[in-house]
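Below, chains carry the letters A, B, ... as their sequence lines are ordered, and counting in each starts from 1.
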Amino acid sequence: MSEEKSLNFIEEFIEADLKSGKHQQIHTRFPPEPNGYLHIGHASAIVLSFGLAEKYNGKCNLRFDDTNPVTEETEFVESIKNDVKWLGYTWDNELYTSDYFETLYGYAVKLIEKGLAYVDDSTAEEIAKQKGTPTTPGIANEYRERNIDDNLKLFQEMREGKYDDGEKVLRAKIDMAHTNMLMRDPLIYRIKHVAHHRTGDAWCIYPIYDFAHGQSDSIEKITHSLCTLEFLPHRELYDWFIEKLEIYPSRQIEFARRNMTYTVMSKRKLKQLVEEKHVNGWDDPRMPTISGLRRRGYTANSIKCFSERTGIAKRDNIVDIGLLDFFLRDDLNKIAQRRMAVLDPIKVVILNYEEGKTEKLIADNNPENEADGTRELNFSREIFIERADFMEEPPKKFFRLGPGLKTRLKHAYILECVDYKKDENGLVTEVHCNYFSDSKSGEDNSGIKVKGVIHWVNAADAVDAEIRLYDRLFKVENPMAEDGDFKDFINEDSLEIISNSKIEPALQSAADGQHFQFLRKGYFIKDKDSTNEKMVFNRAVGLRDSWAKKNK
RNA sequence: UGCCCCAUGGUGUAAUGGUAACACUACAGUUUUUGGUACUGUCAUUUCAAGUUCGAGUCUUGAUGGGGUAACCA
């Protein structure tokens, strides 16, 4: 079955826990905050948590970490669910941290009763100042010694809405001199008179991340709580709360977030790109969001393979975006049906082909998969080919058309170029050829050997289409590592729209989400902007092109 | 500056004390009616130093480098 593969450090922890009998079954969770769209980095986290649950026959929850009502919206909840589903995962439970608000409140009361939490009337500035710095210990203020009954009463009043935002907070009472700044009496509840996307006005106090996340894990009996490295310093607090609250001991394990070249991977930055209109929305095909990649024409499978192959570790990394493209091509080469589309058309007249005649040709839909069958193409005297497939003065080893050159039309005949026409600006407007009637694909008796094969569409029944080509969003590998604002490195030429392309008629029946390979041009998918009047196709990725590379 | 984490080819991961592996990229070539696909070959003495050991990428110590952390964000 599956070949022997070494375990990553998380799998080693899991197998040890399973072997020792600490757990009979593992339970993970994917806990996004619904304040934006998921990106490819999240995809790695999803593949990790859901994948581990699958591998070890465990469970995985989808939990929305919605403790900050000012940033969270239902729109994001829906998009996140949609993206996780699209990636091919089914969560065991759909949960919300906000479901636990009452329980969490109870936990806070318990902490107060144990003398481990207190209400602080200080301002944010005062609290920040009293925290000290990494090298100087913080100092306790008068509120730290408030008695339990007063704390209980005050916290109750906070909940009842007796105080304004910022007037009071609840803090855990730990150690103001701790070397870990997070342990210097961290805030655990703050007042926000803001409607929550799910609980509405039921609450005006909301728990802080540190007093919600670990507790939610514990409530759900999550065995292994996987998160990114920046939460590592939080683990001490995470464990402290579990211990003091005497609740189920979930275990937090941190891994390095996945970065990719030529893009940015933080929700805040992506949000900025959307809001400042550098892109057209969260699902702009240039965005590294899952919805953007989907619209661009990436497959869920390619994203999964990418995540699995890049693995998991604890060191900082930046993966070449080309690796994702490799997995996409690898996937699509097997499953995408082939079609012909001429992006930048130029007319070819076949002088010795009978005027008014149309013949049917047979084209295979995918040479990699015979089961995909064949389709018919019309062929006649006038066709379109790619402008780049004709050169007035072709260089050596140019296997396409040029004065006196021969090449084959895919699925059709060999052509020999005899002449061409130019307009007053020197632009070639028409190429004139003769064809060899005995060179038909599959029954070639001409004996002529040509090295090149080019794609084409029949002029009479070609369909007009708009084609959108994309390039990387940023001009530099790592915009975050450059001096200055990351937006200074945006690639202004990341979108190229070709509005006068000619595509073969079979493409008119393209289904939503159906992937195609346009022969010699790359992998494409119909965009949602398509109308009855005009079809629009996005190019997900080009084909490898050793000719273009050599001639750079 | 304090504390914490990390360090293996251009990139991402592997090697669990026994002589550096896999994938991508790049380059060269074979096949090909997609200049695609497929296939073959080439590209590292593991940041540095000292130590333990018959033997160290792996263990110890130190140095160097990179990152995180000091929000009423998550």
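Between Phe13(A) and Phe9(A), the angle of the ring planes goes over 60°, which puts this pair in the perpendicular group of the 30/60° scheme.
Using a 4.0 Å heavy-atom distance criterion, Gly452(A) is classed as making no nucleic acid contact. Heavy atoms of Arg338(A) sit under 4.0 angstrom from at least one base atom. Residue contacts shown for Leu519(A) include a base, since a base heavy atom lies under 4.0 Å away. The residue Ser441(A) sits close to a base: some heavy atom pair falls under 4.0 Å. Using a 4.0 Å heavy-atom distance criterion, Phe211(A) is classed as making no nucleic acid contact.
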Problem - nucleotides 69-74 of chain B: protein proximity per nucleotide (B base, S sugar-phosphate only, - neither; heavy atom, under 4.0 Å) - result: -B-BSB
Fill in the blank from the handout: Each nucleotide of nucleotides 15-26 of chain B classed B (base within 4.0 Å of a protein heavy atom), S (only sugar-phosphate) or -, in 5' to 3' order, makes SB-----BSS-S
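Between the side chain of Ser439(A) and the backbone N or O of Phe436(A), at least one donor-acceptor pair lies under 3.5 Å.
When the side-chain nitrogen and oxygen atoms of Thr261(A) are compared with OP1 and OP2 of rU11(B), none of them lie within a distance under 4.0 Å. Look at Arg520(A) and you'll find a side-chain N or O under 4.0 angstrom from OP1 or OP2 of rG35(B).
By the ring pair (Phe, Tyr, Trp, His ring centres under 6.0 Å) test, Tyr435(A) is found to be paired with Tyr353(A), Tyr413(A), residues two or more places apart in sequence or in another chain being considered. His411(A) meets the ring pair (Phe, Tyr, Trp, His ring centres under 6.0 Å) test with no other residue; sequence neighbours excluded.
In the model, Asp120(A) has a side-chain atom that pairs as donor or acceptor with a side-chain atom of Ser122(A) under 3.5 Å.
Relative to the six-membered ring of Tyr96(A), Arg198(A) meets both conditions, a distance below 6.0 Å and an angle of at most 45° to the axis.
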Under 3.5 Å, which donor-acceptor pairs do the side chains of residues 31-39 of chain A form with other protein atoms, sequence neighbours left out?
residue  : atom : partner   : partner atom : Å
Glu33(A) : OE1  : Asn35(A)  : ND2          : 2.9
Glu33(A) : OE2  : Thr71(A)  : OG1          : 3.0
Asn35(A) : OD1  : Lys267(A) : NZ           : 2.7
Tyr37(A) : OH   : Glu75(A)  : OE2          : 2.8
His39(A) : ND1  : Gly41(A)  : N            : 3.0
His39(A) : ND1  : His42(A)  : N            : 3.4
His39(A) : NE2  : Met265(A) : O            : 3.4

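The side chain of Arg315(A) sits closest to rU8(B) out of rG36(B), rG35(B), rU8(B). When distances run from any side-chain atom of Asp330(A) to the nucleotides rC5(B), rA38(B), rG12(B), the shortest one goes to rA38(B).
On the C1' atoms, rG10(B) is 10 Å away from rC43(B), given to the nearest whole Å.
Where pairing requires Watson-Crick or G-U contacts shorter than 3.5 Å, the helical stems of RNA chain B with at least three consecutive pairs are B:2-7 with B:64-69, B:10-13 with B:21-24, B:26-30 with B:38-42, B:47-51 with B:59-63.
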